[in-house]
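Letters A, B, ... mirror the listed sequences (proteins, then strands); counts begin at 1.
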There are 2 protein chains.
Amino acid sequence: MGQIVAPPWAGVGGRVARLTGVTAPSTFDLASDATDLLQALIDVPSESRREAVIADAVETALRAHPHLDVVRDGHTIVARTQLGRAERVVIGGHLDTVPENANMPSRRVTVEGEDRIYGLGACDMKGGVAISLRLAAALTAPTRDVSWIYYEAEEIDSEFNGLRRLADERPELLAADFAVLMEPSNAVVEAGCQGTMRVEVSTHGVRSHSARSWMGDNAIHKAGPILERLSAYQPRQVEIDGLVYREGLNAVGIRGGVAGNVIPDECVVAINYRFAPTRSAIEGEAHVREVFEGFDVVVIDAVDGALPGLSHPAARAFVAAVGGQPSPKFGWTDVARFTSLGVPAVNYGPGNPSLAHHRDEFVPVTDLATVEAGLRAWLTA
Amino acid sequence: MGQIVAPPWAGVGGRVARLTGVTAPSTFDLASDATDLLQALIDVPSESRREAVIADAVETALRAHPHLDVVRDGHTIVARTQLGRAERVVIGGHLDTVPENANMPSRRVTVEGEDRIYGLGACDMKGGVAISLRLAAALTAPTRDVSWIYYEAEEIDSEFNGLRRLADERPELLAADFAVLMEPSNAVVEAGCQGTMRVEVSTHGVRSHSARSWMGDNAIHKAGPILERLSAYQPRQVEIDGLVYREGLNAVGIRGGVAGNVIPDECVVAINYRFAPTRSAIEGEAHVREVFEGFDVVVIDAVDGALPGLSHPAARAFVAAVGGQPSPKFGWTDVARFTSLGVPAVNYGPGNPSLAHHRDEFVPVTDLATVEAGLRAWLTA
């Protein structure tokens, strides 16, 4: 008789099989070398909505350190120092990854003279989590109180996002003067983030048999001017706090057609607008409607960006401590969630953000050292 | 316990259930009124590849008439007079229909003063089949020898087409001086047919994250000029034998896009070109490549049209006998198959071709009478 073979989309079966085959650790050794800890983190699968095992192990590891006050909410863990310092900062990262893509287990490889850790989540963002866990354990008396946050479900629809849930239900756990999200940023400070909006711009016509096309009205032909406007569009470059944010207005999808012998009565262009954080989502929508005036425009969703906030004293102190030249962040990150709570926030983590979600994602070992040294300098100054 | 419910695509179960519930006729009464015979034909389901029951009943009905020499090939039936006339003509029609669309059983309704038969296949093309069967039985001594053909699988991929199989394997059964296909033609002669070609015109680019769109190259934006050329295209109108064929070059589909946050690296426009029968498929392809010069053009498939052939003596005699003003045929039909065998052929049948494949297809009762009278006049002159 044949074996029962799980179909490619039946992730659960495959995961359980592997977890029972390779005993998952019940805790992590936070005193181990950063690369060893990172590899241990990668080797515990933690696709979004399957973070129970890694969250249990992280919680156990943190509870072993009496200088930390540990709170768990779902699979999100907050570990706080309570030293009564003048300033409190959040250092956050998510525990989940996108689905596995034949990139497990972790491996350490030297490529073109660079020492790298490969594997699912190496870049996005278990590299940052490894450093954060090491520092949470090691820094028993940081000069700023720290709320170390390890949260669930960042890679999927925001209804599941652990940080969003804390913001809505337990905002006191996020209270801080400044926040650092350890998303990959090439080990330099990436400040703020752009807003993003998805819109659909449509044309309409009348169906007919394509052998008698003059009896119909071709909606796909009418979409030409939409594509021409996109092609001719000159995106703004907006300077804020010395950082230049490059906007973008792009078709990310197009669809139309009924059958091979039918004049189509609808064509839909899916568009993604990325806009500098000086512009609100509402202002962005008005701009997009102006660009596509005369067409049917439907906004699917939109989120505000976040201003870099580098003029804030806490941010200035952070940039001075970690060094380097800050860059603008183009993609949307949970930094915007802190900004909306009134907490200035930046991205600062190891790894190249362009590698996020790629099968061959990796993190350079030197990035781990750079970021750890930067944060240590800031928290001990 | 729940019932086992057939999913919507499980046509077989539904059909069998109905056929066992409503006893299918084992034959048809070819002496009955044309509308009664048509309703009986509609009420035997005969979606393509499920023609066995209707073909059995048609074969049995024809074999009851000793003046016909009946041959069966799969579910295709050829019934020939063998009178040694100077001329032999084919009168053909297909037995299959497109899938049911809540348009069974048949019904007779008067709408806006017009007496109509509604139901799946009423227009395409059991109306023509009903007349053909009545005449095959009634005309024991036509003035031209007739090969009456009832064939399978016209509505699907031509690999299954019964007429194609006869042309390839038993071409002697199609030998004739002239052929009439009883596809709906508003009860007037529709001559020739246009060629048709499917092509895909593509653009290519480079993927990147849509937050850093300047690192990619948007293939959808590049498709604007393809749509502009389609929009600006002026189709030819070609006069042949006094008939004006209107060509058409139309997008029938468009697709592109990887994900909501990715700059797309490909966009494909599916195009249908309908061309007058003075132009071969090879010439048509050269024309399309010229229109889309600079783009990647792939021909998916192409078939030649058929010249109207109205100058042929047999065609002239037919038009004179049935009367009316011939029209050009725009859609591709099996007329082209006869033309490729060297047999001049026309479309002549009851019903409006624009209603073919529509849920509400019907045939006017007066069309049935007109076409029957026309064919009878021709075959008894």
Is it the side chain or the backbone of [X] that comes within 4.5 Å of chain A heavy atoms, both, or neither?
| X | value |
| --- | --- |
| Ala259(B) | backbone |
| Pro225(B) | both |
| Cys267(B) | side chain |
| Ser208(B) | neither |

Out of [options], return the one with the most heavy atom pairs under 4.5 angstrom to chain B.
| options | result |
| --- | --- |
| Val269(A), Val262(A), Leu230(A), Ile300(A) | Leu230(A) |
| Gly248(A), Gly253(A), Ala251(A) | Ala251(A) |
| Ala232(A), Gly224(A), Pro353(A) | Gly224(A) |
| Gly256(A), Ser231(A), Ser213(A) | Gly256(A) |
| Arg246(A), His209(A), Arg255(A), Arg212(A) | Arg246(A) |
| Gly331(A), Ala270(A), Gly260(A) | Gly260(A) |

Is it the backbone or the side chain of Ser354(A) that comes under 4.5 Å from a heavy atom of chain B, or both, or neither?
-> both
Assess whether atom CD of Glu159(B) is packed by more than 12 heavy atoms of other residues, nucleotides or ligands within 6.0 Å.
-> yes
Would you check if there is a donor-acceptor pair between the side chains of Arg274(B) and Ser210(A) at a distance under 3.5 Å?
-> yes
d(Asn272(B) CG, Ile263(A) CD1) to nearest 0.5 Å is 7.5 Å
What distance separates Ile220(A) CD1 from Ile271(B) CD1, expressed to the nearest 0.5 Å?
-> 9.0 Å
Tell me, do Leu227(B) and Leu227(A) make a side-chain contact under 4.5 Å, heavy atoms counted?
-> yes
Can you sort out the partners of Glu361(B) under side chain to side chain donor-acceptor pair (under 3.5 Å), two or more places apart, ordered by chain and number?
-> none
Verify side chain to side chain contact (heavy atoms under 4.5 Å, CB included) between His221(B) and Asn250(A), making sure each step is shown before the conclusion.
-> CA-CA 8 Å; His221(B) 295 191; Asn250(A) 274 277; 3.3 Å; yes
